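All chains are named by letter (A, B, ...) in the order of the sequence lines, taking the proteins before the strands, and each is independently numbered beginning at 1. Computed from a predicted model, the values in this text were never measured in an experiment.
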Number of protein chains: 2
Amino acid sequence: MPDTPTSQSVFRALADPTRRDILVMLRGRDLTIAEVSENFDMTRAAVKKHLTVLSDGGLIHMTTRGRERVNSLNPAGIGPVRDWFSYFDGFWDDRLSELKSAIEKDRQ
Amino acid sequence: MPDTPTSQSVFRALADPTRRDILVMLRGRDLTIAEVSENFDMTRAAVKKHLTVLSDGGLIHMTTRGRERVNSLNPAGIGPVRDWFSYFDGFWDDRLSELKSAIEKDRQ
DNA sequence: CTTTTATGAAACCAAATGGTATCATGTCAA
DNA sequence: TTGACATGATACCATTTGGTTTCATAAAAG
């Protein structure tokens, strides 16, 4: 229930539309910083900052290849978010149960 | 893949730890602004702002009861987030397929 | 009617955030 | 080696954000 620093960094990383777009781009294939930058109307430096935030959140993985840095999607990164949401799964179930028993009572 | 204003407001709402804590609290039962405020070391005004952001994101629902305002969790609110993540489901599958066929080739 | 009580709203503030420009560094190619 | 290219790093700037304080309003209690 308390927030682990990890889940905070993930939610933080997902909060920005540019960063979510970057994740979508990386779904297709791995990209260097320059390649990612081509798709946005902002400087490479700005894109690099976004990539750093995504990396801090564990959503992407960076590999140095010569003088390039290749950014790839990290499947495990979304784990903390899924875990957090799973905490609410019981809520939906409870609400369904309440509805169900309300209907039962109504029949009797 | 483009960001609907809705999904942005949801991700934005989820980005703050205080707001995520509020959601966890509301999982138990509906609460007024004053009741939510009791659990935090900040003013009611600040908590109200957070509740407004959560409401804008469609994550909670507010009902006026006399002079009180009751805040309740909105199950449907997390929909946009789930939808967004589902876009990546294919990615996991693809990666698994690649791994699988790599193993197959290795056997032959 | 007067007084609490619960909230709404606005002005204000410090810190975080997204962005730029600039310069340094390391690597590939000639 | 020299030059071009991809990135790292820093300082700086405007806006957003999370927070407070203060005052206004509306409903419940006496």
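- Put simply, the side chain of B/S55 never gets that close to the backbone of B/L51: no donor and acceptor are under 3.5 Å apart.
- Atom P of nucleotide D/dT7 and atom NZ of A/K49 are separated by 17 Å, given to the nearest angstrom.
- The interatomic distance linking A/R12 (CZ) with C/dA15 (P) rounds to 17 Å, in whole Å.
- As a whole-Å value, the separation of A/L31 CG from D/dT7 C1' is 16 Å.
- Counting heavy atoms from C-beta outward, A/R19 and A/L59 have side chains that stay 4.5 Å or more apart.
- We find that CZ of B/F40 is positioned 12 Å from P of D/dT20, with the value rounded to whole Å.
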What does the list of N/O pairs under 3.5 Å between the protein and nucleotides 3-6 of chain D look like, with a distance for each?
| from | atom 1 | to | atom 2 | distance (Å) |
| --- | --- | --- | --- | --- |
| D/dC5 | O2 | A/R67 | NH1 | 3.2 |

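- For the pair A/N71 and A/E35, the minimum side-chain heavy-atom distance is 4.5 Å or more.
- Between A/V10 and A/W84 there is no side-chain heavy-atom pair separated by less than 4.5 Å.
- Counting to the nearest Å, the C1' atom of D/dG19 and the CZ atom of B/R19 are 12 Å from each other.
- Between B/H50 and B/V36, every side-chain heavy-atom pair lies at or beyond the 4.5 Å cut-off.
- With a 4.5 Å cut-off on side-chain heavy atoms, B/D56 and B/R12 do not count as touching.
- For B/H50, whose side chain is taken as the heavy atoms from C-beta onward, the closest listed nucleotide among D/dT20, D/dG18, D/dG19 is D/dG19.
- Side-chain contact between B/M42 and B/K49 is absent, with no heavy atoms from C-beta onward closer than 4.5 Å.
- In this entry the distance linking CZ of A/F11 with P of C/dA16 reads 21 Å, nearest Å.
- Using a 4.5 Å heavy-atom cutoff, the side chains of B/R20 and A/Y87 are not in contact.
- Listed by residue number, there are no residues of residues 55-66 of chain B with a heavy-atom contact under 4.0 Å to DNA chain C.
- For B/T43, no side-chain nitrogen or oxygen approaches OP1 or OP2 of D/dG19 to under 4.0 Å.
- Side chain of A/S72 to backbone of A/H61: a donor-acceptor contact under 3.5 angstrom is found.
- Using five terminal pairs a side, the axes of the helix from C/dC1-D/dG30 to C/dA30-D/dT1 at its two ends make an angle of 30°, given in steps of 10 degrees.
- The one candidate from A/I22, A/L23, A/V53 that meets the side-chain contact (heavy atoms from CB on, under 4.5 Å) condition with A/I60 is A/L23.
- The side chain of B/D16 has D/dG18 as its nearest neighbour among C/dG18, D/dG18, D/dT21.
- Rounded to a whole Å, the CD atom of B/Q8 is 10 Å from the P atom of C/dG18.
- At a threshold of 4.5 Å between non-hydrogen side-chain atoms, the residues B/I78 and B/L14 do not count as touching.
- Between A/M42 atom CE and C/dT17 atom P the separation is 16 Å, expressed in whole Å.
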